[in-house]
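Heads up: the structure comes next, in structure tokens.
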Protein chains: 2
Amino acid sequence: MSKPKIRNMEEFAAFSGISRPTVSKYFHDPDSVRASTKERIEMAIAQCDYRPNIFAINQNRKLTKNVGIVVPYLADPFFAEIARRIETLVIAGGFRPITLSSHGDPALEVANLASLRSIKPAGVLLAPLGRASNRTAIEEFCADVPTVNFDSNIEGVGTAFVGHNNTQATSVMLEYLIRSGEPPVFFEMKTPPNPNANKRRNAYIETMERLGHTPHIVHAEGEGWEMEEIGYRCGKQALISKQFATNTVFCSNDRLAIGFLVAAYELGLRVGLGEGCAMRVAGHDNHPFSRFTCPTLTTVSHNYALIAASGVEMILKVIESGVPDPHRKTTLFDGELIMRASA
Amino acid sequence: MSKPKIRNMEEFAAFSGISRPTVSKYFHDPDSVRASTKERIEMAIAQCDYRPNIFAINQNRKLTKNVGIVVPYLADPFFAEIARRIETLVIAGGFRPITLSSHGDPALEVANLASLRSIKPAGVLLAPLGRASNRTAIEEFCADVPTVNFDSNIEGVGTAFVGHNNTQATSVMLEYLIRSGEPPVFFEMKTPPNPNANKRRNAYIETMERLGHTPHIVHAEGEGWEMEEIGYRCGKQALISKQFATNTVFCSNDRLAIGFLVAAYELGLRVGLGEGCAMRVAGHDNHPFSRFTCPTLTTVSHNYALIAASGVEMILKVIESGVPDPHRKTTLFDGELIMRASA
DNA sequence: CTAAAATATTTACGCGTGTAAAATTAAGGC
DNA sequence: GCCTTAATTTTACACGCGTAAATATTTTAG
């Protein structure tokens with residue numbers, strides 16, 4: 001009932017009986033003040049729920065408690081999922097996450113970085129668009145703001161890169177597919193927006209050759225991030241015109257595979273590895289929806305948990321140390337084969 | 001090369017040859033200054049890319065340019081899609097969108113509102129969790145901050161509600177299903193997190209009775225937002241134990257339907273409306289993934305575009321007028337039947 | 001060309017907090 | 001109980017911009 005309205009830290013300090021600078025220190029780090037002082041302040045907070053004004057706080061701090069998170073396309077559940085994990089970890093680390101999506105647009109990516117710059121983030125976790133990114137703009141940003149690059153590697157960008165071991169993951173899947181049936185044809189976009197795709201293609205070619213098989217690649221036309229649509233349309237064409245040299249298709253990513261499975265379904269091709277199946281399909285990413293395709297999609301999982309944890313750990317370390325690691329470190333986490341019904 | 005480093009508005013004003021108050025006025029509204037002045041300022045901006053400090057700006061303005069957007073679960077592509085549209089419109093309106101996800105957690109929803117409150121948003125677009133929401137906390141928030149409620153209606157919350165006409169949409173789909181085959185059984189969660197589900201169930205019962213059919217409802221057990229999983233698990237059980245009175249199933253939402261289709265697929269039940277099909281399945285929402293199910297999902301679409309546009313328009317109107325409309329207005333947009341292969 | 005209207009400048013203060021330096025007080029060990 | 005050390009208070013200024021009032025300048029209308 002009698003909730004005293006506190007307008008600023010001055011009034012709150014008076015109310016709690018502690019001096020304002022000490023109160024300020026408390027809000028910066030509650031454990032930096034004496035235990036008895038901390039207790040008194042917290043009692044006062046309980047009585048009048050005062051919160052310091054964020055704008056005033058950040059105006060004078062050289063280092064804010066903001067951590068930016070930029071992803072290329074938040075409407076893609078893959079990025080939504082990893083952003084969600086990162087957000088949770090950033091909050092646990094005592095920082096304030098601000099997630100921005102570039103919606104697949106390089107101009108918006110640049111705008112997002114500009115927007116972040118204006119809130120002086122302590123650090124940024126950046127998953128760039130990739131091929132389409134404005135490299136210069138990103139480099140300029142990283143020169144000013146501590147940045148950890150994740151998911152999609154742009155050489156030299158940020159103080160570190162943490163991501164998925166595309167090479168290992170591709171060969172794990174390949175080895176499985178080859179020992180359990182025909183060697184797969186690789187199905188990918190002709191001009192993929194994401195640089196991971198190149199790693200995967202190269203790993204496919206190398207591993208196939210190492211295992212004594214001839215690589216076959218089918219390219220899907222189409223630009224942008226509508227990968228299910230591209231996988232469906234081009235997959236259907238390729239199936240109809242019998243472009244696949246074997247009965248097994250390894251899609252460059254799960255979203256292509258999701259569209260491809262629809263194409264196969266509509267053509268009456270039974271997908272799976274049992275009797276009476278016409279072909280096998282595998283994906284890559286363990287996309288949240290890969291559990292709900294028909295049939296469920298065999299794929300290689302990113303280590304979401306470790307990638308998120310490691311990325312957050314790295315950016316927090318850079319923030320605390322104050323100086324970015326002089327040598328850019330690349331950390332890759334191995335993928336895990338997720339065996340389901342499609343291959 | 002010679003990019004002068006401008007540290008604040010003072011320096012920028014000196015650089016551009018205009019006084020600081022006028023520059024300040026320009027950034028508040030570029031058209032409030034003389035055309036020639038505007039041009040000079042914009043020339044200077046092009047030369048040194050200065051941007052006013054957001055924290056300092058917002059500290060003194062009674063009305064910030066921030067607009068909060070809160071959705072219950074951003075990893076759900078449905079909300080990702082509508083959030084994306086809203087963001088775009090908010091930016092076009094000259095405001096700064098800040099999107100937060102409650103990740104299905106009522107405590108995080110409250111935390112998000114607290115977080116928004118501290119950045120003094122001019123207005124907020126809120127899609128609450130629904131049943132799980134902390135009603136008191138939300139009401140307190142809405143009393144202080146202009147809020148437009150969308151997607152999920154909580155009576156009395158916010159100055160307006162804009163959403164989907166569940167009643168109309170349900171009956172449109174029902175009429176279609178009935179005239180093209182057997183009357184459908186309604187498949188829904190026993191304790192749905194979202195209040196739209198109740199509207200849909202009631203509309204189903206009413207419309208069925210109006211059209212002279214007996215309503216049948218199958219309830220899926222399970223809590224939370226993992227609706228595909230629930231639709232799959234419970235759908236499979238219900239199919240095996242033959243709980244469906246007719247060959248047509250109308251799922252309460254697309255995510256349930258997506259899981260249900262996987263169950264039907266695994267049981268070897270051919271879904272669709274042609275010859276040789278064992279059953280029909282329909283959904284509700286036109287979820288981004290409903291185009292890529294097997295078979296593609298017949299559903300009722302939200303009017304994403306109008307809901308987003310109307311919600312943004314309303315909150316901007318409240319912001320500009322300064323006073324919230326005294327009588328809470330509810331605006332519903334009709335759904336559109338999306339005919340695909342599943343029904 | 002002149003007066004009225006519109007716009008820009010000057011000056012000055014306020015916002016709520018960070019933070020540094022010096023002075024004071026409290027806590028802990030012997 | 002005294003001394004050392006750590007924590008707190010006092011004082012004072014800074015941050016970057018909003019904004020008001022008075023004044024000066026430019027633009028527009030007649």
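Rounded to whole Å, the distance from CZ on A/Phe12 to P on C/dG16 is 16 Å. When rounded to the nearest whole Å, the span between NZ of B/Lys120 and C1' of C/dC15 equals 8 Å. The CG-P distance, from A/Asn8 to C/dC15, rounds to 9 Å in whole Å. Rounding to whole angstrom units, CD of residue B/Gln59 and P of C/dG18 are separated by 11 Å. In this structure, CD1 of B/Ile54 is placed 19 Å from P of C/dG16, rounded to the nearest angstrom. For the pair A/Arg7 CZ and C/dG16 C1', the computed distance is 12 Å after rounding to whole Å. D/dG16 atom C1' lies 8 Å from atom CE of B/Met9, rounded to whole Å. As rounded to whole Å, 13 Å separates atom C1' of D/dG18 from atom CG of B/Asn53.
With sequence neighbours left out, B/Glu42 forms a side-chain hydrogen bond (donor to acceptor under 3.5 Å, both in side chains) with B/Tyr26. Residues forming a side chain to side chain contact (heavy atoms under 4.5 Å, CB included) with B/Ala132 (at least two apart in sequence, or on another chain): B/Pro106. When the ring-ring contact (aromatic ring centres under 6.0 Å, His included) test is applied to A/Phe55, no partner is found at least two apart in sequence or on another chain. In this structure A/Asp31 satisfies the side chain to side chain contact (heavy atoms under 4.5 Å, CB included) test together with A/Asp29, A/Lys38, sequence neighbours excluded. Remark: A/Ser101 engages A/Val71, A/Leu74, A/His103 in a side chain to side chain contact (heavy atoms under 4.5 Å, CB included) (not counting sequence neighbours).
Taking the six-membered ring for Trp and thresholds of 30 and 60 degrees, B/Tyr50 and B/Phe12 have nearly parallel ring planes, at less than 30 degrees apart.
Distances shorter than 4.0 Å separate some side-chain N or O of B/Tyr50 from OP1 or OP2 on D/dC17.
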Tabulated below should be each protein N or O lying under 3.5 Å from an N or O of nucleotides 3-11 of chain D; please produce it.
from  : atom 1 : to      : atom 2 : distance (Å)
D/dA7 : O3'    : A/Arg34 : NE     : 3.4
D/dT8 : OP1    : A/Arg34 : N      : 2.8
D/dT8 : OP1    : A/Thr37 : OG1    : 2.5
D/dT9 : OP2    : A/Ser19 : N      : 3.1
D/dT9 : OP2    : A/Ser19 : OG     : 2.7
D/dT9 : OP2    : A/Thr22 : OG1    : 2.7

